[in-house]
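Quick note: numbers below take in every heavy atom, side chains included, and nothing from hydrogens, waters or symmetry partners. So that the names make sense, note that chain A is the first sequence line, chain B the second, and so on, each numbered from 1.
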Amino acid sequence: MNKIYISRGFLAGVALAMLSLPVMAQKSGVSTKDTSSKTGSAEYVPGRLFNLPKALSTGAVSTVSGQTLYHTPTPNLTNTLYGRLAGLTVSQGPGEPGNDNAGLAVRGAGSYFGFVNSSPYSRYKIFVDGFEVNANAVSGISPAEIDQVSILKDAASLATFGLRGSNGVIWITTKRGSVGKSTVTVQTRTGLQQAININKPLDSYTFANLYNQALYNDNGGNLSVARYSPAQLAAYQNGTAPNVDWYNQVLKKNGSYSDADVTFAGGDTVTRYNVILNYGNQGGLYNVKNTDNTANQGLQRYNVRANLDFTLLKIVDASVDLGGRFEDLQYPNTGSTGTTSGFWNTLAAYPSNIYNPYADAAMTKYSGTAIYPNNPLASIQALGYGSQHSRVLQGNFNFKERLDDLTKGLYLNEAFSVVSYFQSATSKSATYARYFDFANNPNPTTNDRFSTIKSNGITPLRQEDWKQLTATIGYDHKFGDHQLISAINYHLSNYRGDGFTGFAYHYENISGRANYSYKSRYVAEFGFSYFGTDAFAPGNRWGFYPAVSAAWIVSNESFLKNNSTISFFKIRGSVGKTGNADSDAGLPISGQNGRLIYQQYYASAGNYYLGDGSANGAGTLSNLFIPNANVGAETSMKYDIGADVKLVNKLDLSVDVFLDKRSNILTVDNTIPRLYGSNLAIGNIGRQTNKGIEATLAYSDKIGAVGYTVSGLAAYSKNTVDYFSEVPQAYAYNGATGLALGTPRGLVATGYYQLSDFNADGSLKTGLAVPQFGKVQPGDLKYQDLDNNGKVDANDITAIGKPFLPELTYAFSANVNYKGFDLGAFFQGVSGSSVNIISGNNAIQTIAFINNANAYAIAQGAWAYYPSLGIDTRATATYPRLSTVTNSNNYQTSSFWLKSGDYLRIRNIELGYTLSTSLIGKLGLNKVRVYVNATNPVTWSSLLSDYHMDPEQPSGYPPLKSYNIGLSVKF
Amino acid sequence: MMKLKLKYPVLATGLLLSALGCKKDFLDTQYDIYNTPRSIATDRGTLYTFANAFYLPLPYGFNSLDGNLGAAASDEAQQTIVGSGAQILNQGALSPTNIPGDITSEYNSSYEGIRAANYYLDYSKGWQAFVKMNRDTITDATNYAKDKLMIRYYRGEAHIAKAYYYSELAKRYGGVPIVNNLLDYTNVQGIAKSSYDQVVNYIVNEIDTYKDSLAVSWRVSAYKDQMGRFDKGAALALKARVLLYAASPLNNPTNDAAKWTAAAAAARDVITTTGLGYSLYASGYQANFQSNNSIASGNPETIMAVRMPANTFPELNNYPIATPGGKSGVCPSNNLVSDYEYKGTPDPTNIFANRDPRLAATIVTNNSTWNSRTIDISAGGTDDRAKAGTSPTGFYLKKFLTDNLDVVNGATAIHSWILFRYAEVLLNYAEAMNEAYGPDALPAGYPLTARQALNQVRSRSGVAMPAVTVVPVTDFRTAVKHERRIELAFEGHRYWDLLRWKDAATVLNQPIQGVVATKSGSLFTYQVVNVANRKFNAPTNYLYPFSQTEIANSQGKLVQNSGY
């Protein structure tokens, strides 16, 4: 079926090309000035269909050059984007090679729909060189290939994207060749990587002491129940009993990262080329060598990109962009495919006193017990390793015919793109027997036995391809004081995945923009998209999404024309409609994905078991969800007002204020009574509002021979979920409706229960609210009874803390250059976010002792009152009383465990020296620069200083800081 | 030149328009990995798979309250770590906005089961043509006959499944909305609840109409591999239980004798209907709940049980904490233990000796062997009651559990949840007959007197308790209540029995008691202590409240149960 549509699309392209035949036949004309240049520059604002000179742009777009992003050495492009673009919130991911994607969000969270793991990140769409791509493609692009990265934020810039636009678009253009001498540029850098922070647990002695205290608490203050005798405690202190720092055992001091790229660029009027070869190698933190049986976590990446532009027949431009990327990932086989993040939970959870890594003096047998079976050292040395291989191949073909002979300023453009992505995995696995105190117990402690390493076959993981076609008719013309830049475009997209994810995703988009300006003073622009998606029933597929915008270049008015202070001043505004049709197309429907809801699907609901003396599964089938033929797209009305000012030719300022109102958000309808028998009915019933303000400023100047630039940006956004069919709550304050997305809700903690709160028999004194979660005793957390019914239960839950998406993100930098030296520092921070330190895997570092858990420094602040032992922390306690048994009261989600996630990091410091041209000219070199660079060297955060947890990645493989040295040579 | 200029563009535009036309097909996509109406239209197997779907919500009692048995809701047991669900019930704290998640799940899944049954009945309307499709009914005669038989049974079972789910709903909520057809999601309406009597009539009607469309008893049929599905025996057992509940004081305020006689007749049907042939398991009381004994065709007592693949949960949750991997879990109360009768002379050195053998089969008592050690709850013992996480009552659960299961290394055992068994039918019979006719009456057509039925249970293999001889109806009633408590301990009956007898007002307001052991030499002395206070708000708590969400979503049609 698809072949028919692709061939039809081809026909369309061919047809357009034929339109230009008569002109081609004439072979006349000089190429007119190309206003829609593919290479942007600081004076052009990138956009879809055409770029605009800064003065004429009416949209809110932030741009950063690939050269700036190159300053951060990392294999993942998303990690170069911190604080670079106003309106882009970047949330650090783990530092794990191969799994270090940062979460990106444009202008905060506009809609709650389609979140992955309740996260507002990754809802944006990405376009590279005019074609849409996946997040897979973006993470592997090297900054050396990139010309510019922009984010399109408002209705004007997003007008042509239709249902792909409502959550912002990241618009990337790659470097192209230009007319000029051929150049070869070689860049290379190498460096060490370390974890920004590792939170280490308590040593054995402190752990044992506190464990005893926990037992006293659990047994009503009975001091005879101690597990660790004074002799054992002494043994921990003098080293005769196990006191193992598992992080030291498993990690080495530094990981590594190095990359190198070679760029060949040049061209003449007929051919222009830009070819880049890039190699990157990242080594992880595990202290294990790459051998036949073991592997450190590591990533190798090979990129090739060839962007070729041709001018044929004097009026036809053609370009061919070929890009390929191969990635190989290896990792110790700790139990999951493609990642070792689960291993870090084990590493964090195993106390220091359980056993030494080896159970025997000869160090041939690994320790392990039934309760702690996964010896961390053995997990990286004795389980084998896994590897993943992925490749992305991309080809874009573009033809442009300039039909100035027909009408001056008319042009046609046809382009075709194919992207193919393939990923497979393989592994070698082994097992080991666990022993404990081998000298006295020669038998293994669990059922595992040693097995030699054996290779497992290749498993294909994913296979996707994406074919796209665009055909554009454009018209640029200047009539005296009037200027018109316009284009209409047809975009066809065919995305297909095979294997686990058997899905197809098609859309068609007829869009257009027309930018009219008068005397470069008044600008008006109209953009639209008529978008058809396959996600909905035939009657609801097509939608019209218009946007109007205007700008007034006040500085070109007569009263400001020659003003010495204000060299540029523009006021702009836009209003328009975009939409959203789905969540990540890669997710098959399992719940509420939003696509194809009008269709009826059935899937197994599990097994019912039958049998004579046995349980044999009898398959079942049921509706996957209740089909709804009326489902349509979410709509977003965006309003934006902005101003751009340049003062005294040195200071650039820009401010934007925006409002985004979402409606028709696809939501599970919770107003259907459960007696209907299925709760998976979905409708367009949700609403959300998002508003905020962004500001950027840059100042550059020279004092004598010293040049400097100071810049900063700040972005603030706040959203409110107006309606999401929330299950009716007992009280209005219980619910999440009306709060920002992701606002934590829990109990309000008011301190600790003191001895005076209890009667002699252990019950709470009358007048105190009784928690319904379990029995409490002195030292437990006390919560507020908001509904005053004498009980603390689920009806006392309310909003506490800030949402996980920070409200304010800011960055500032300073760069100084002097006689060939350049020094720059770049800071980035956020404010207005909370971290729940007992949620998910964070609990491993905070909840002590319960279920054989570990204990960290935070437990040293526990509430305790044992006057006979000289312990009284009642006045200074920062942690509830310790316990070894499950405690439902103290570890409820509450304001006690919600800490500020605000931070400020130095993202980058770089010192470089460019050799003088006289020196290198003799060697035939054009430019040589050496530099040293530190990434993430310092972090200021209350969570880090008080609790030793990184504010962005409190648990799992830690994010990395690095120290690098680099060289760049241009021949 | 001009001609050139015009001809090509016109031609090209025409091509362009034709190319862009018919774009509707391009936007028709679907998921390949799920079944669609078209893919199942020729698949006869869907007549089986859609049917099995209405069995999925059947309760698996090992996971019914806070991940463990529901016994902690009644006076049978106290949980070691009082889970939030049990806490709400034990403190009389039930309210429309304070309902344990497990109870809400039971409500939701009952209606999901009802919907699945209605869906199946609708889907399989044309089954007779469907089952003939794409096959040669002559050469494939055996399979064709089997399919016809099985589908006919499944269609009857759908009705019985509905009856079952309504019985579970009525037990909890009294009157509930009756949904007899698939509801339309494009026009969501609230539905008013029917009265309890109307629901009971609906259930009885479904059973009576469709009981003969079912297999008589899978256990003795040619298709033993289908054991686990409803059959006539199960349908009649369900009817007996429902009518007994309907005749009980809670639902029968006027003590209408006709309801008791109806209950007695229904219980009699299970005993006398030809082809069922139920009797009590002859290999011991404890063994009946071990391994796969209850689900084998050789076991004549199990009428219907829910099967699961071998798992560890009951042991993992209920082994004493001193056993590696154990969590103590649901711990039998002394209220229950003290109710086990003495059989023979009491032994002053061991108060648990010479008791009803079902005590040793159900409960782990102090100084007995369990998990390869002798349980010692005294100070300093292996299971010292003062240690964190040990049983608050001094007793541990034994029924259903396999001894010496290596829970740390994930060894598994089969645990089946018995929905109906013959002992319960006999006890239902004894109770109903006593109320309707008296303990020794034998009306025409009835096989046993109430006393004979009761004593049949008491004299079962491995138990052999002496016969009950009391004569007055009230005393016999007490004897039947006692026997139910002992025989059906931890099987999910006690809480509902207390409610329907209206005994909950007194019994569930009494504290849960345990024992403290003091060891001197090798002798244990025991002292009874209060472990936890319980609260039950009669008459409000005799029914669960509908959740506030459900009331709010019912557009005013659903009326909350009184007192909430």
If I measure from the heavy atoms of chain B, does [X] come under 4.5 Å with its side chain, its backbone, both, or neither?
X: N795(A); answer: side chain
X: N670(A); answer: backbone
X: A370(A); answer: both
X: N607(A); answer: backbone
X: T369(A); answer: neither
X: S614(A); answer: backbone
X: I626(A); answer: side chain
X: Q600(A); answer: both

For each of [options], tally heavy-atom pairs with chain B at distances under 4.5 Å, and name the one with the top tally.
options: N623(A), T884(A), N734(A); result: N623(A)
options: N616(A), D612(A), T446(A), I672(A); result: D612(A)
options: S224(A), P673(A), A794(A); result: P673(A)

Review point. Are F50(B) and Y602(A) close enough that their ring centres sit under 6.0 Å apart?
Key: yes

With no hydrogens and no angle check, is any side-chain donor or acceptor of [X] less than 3.5 Å from a backbone partner on [Y]?
X: N292(B); Y: G613(A); value: yes
X: D534(A); Y: T29(B); value: no
X: Y608(A); Y: G228(B); value: yes
X: Y48(B); Y: G619(A); value: no
X: R674(A); Y: E550(B); value: no

Is chain A contacted by the side chain of [X], its backbone, both, or neither, given a heavy-atom distance below 4.5 Å?
X: R229(B); answer: both
X: V179(B); answer: side chain
X: I40(B); answer: side chain
X: R307(B); answer: both
X: P177(B); answer: side chain
X: L169(B); answer: neither
X: Q226(B); answer: both
X: Q189(B); answer: both
X: A552(B); answer: side chain
X: Y120(B); answer: neither
X: L183(B); answer: both
X: D184(B); answer: backbone

Requested in this report: Report the C-alpha separation of Y185(B) and Y676(A) in whole Å, then their side-chain angles, then the decisive distance to 0.1 Å, and conclude whether the side-chain contact (heavy atoms from CB on, under 4.5 Å) test is met.
Outcome: CA-CA 8 Å; Y185(B) 278 83; Y676(A) 267 67; 3.5 Å; yes

Subject >> Donor-acceptor pair between N52(B) and T620(A) side chains, under 3.5 angstrom >> reply: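 There is no such pair between these side chains.
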
Side-chain donor-acceptor pair present, N553(B), T671(A), cut-off under 3.5 Å: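 The criterion, which ignores hydrogens and geometry beyond distance, is not satisfied for T671(A) and N553(B).
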
Interatomic distance, CG@D793(A) vs CD1@I88(B), rounded to 0.5 Å, equals 7.5 Å

Self-check item: L610(A) vs M227(B) side-chain heavy atoms within contact, under 4.5 Å
Solution: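 Answer no - side chains too far apart.
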
Pair count under 4.5 Å, heavy atoms only, with chain A: among M308(B), Q555(B), K327(B), highest is M308(B)

Heavy-atom pair count under 4.5 Å with chain A, highest-scoring of D225(B), T549(B), N108(B), L182(B)
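It is N108(B).
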
Is atom CG of N222(A) surrounded by more than 12 heavy atoms (other residues, nucleotides or ligands) closer than 6.0 Å?
->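 Enclosed.
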
Sorted by chain and residue number, the ring pair (Phe, Tyr, Trp, His ring centres under 6.0 Å) partners of Y173(B) (sequence neighbours excluded) come out as Y107(B), Y544(B), F546(B)

Please evaluate residues N35(B) and L621(A) with respect to the criterion side-chain contact (heavy atoms from CB on, under 4.5 Å), reporting the C-alpha separation (whole Å), side-chain torsions for both, the decisive distance (0.1 Å), and the verdict.
CA-CA 9 Å; N35(B) 281 308; L621(A) 200 63; 3.8 Å; yes

- Could you walk me through whether D28(B) and R541(A) pass salt bridge (Lys or Arg N to Asp or Glu O under 4.0 Å), step by step? CA-CA 10 Å; D28(B) 275 330; R541(A) 284 177 182 160; 2.5 Å; yes

Between H506(A) and F26(B), what is the ring plane arrangement, given parallel below 30°, perpendicular above 60°, and tilted in between?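 Answer is parallel, since the angle falls under 30°.
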
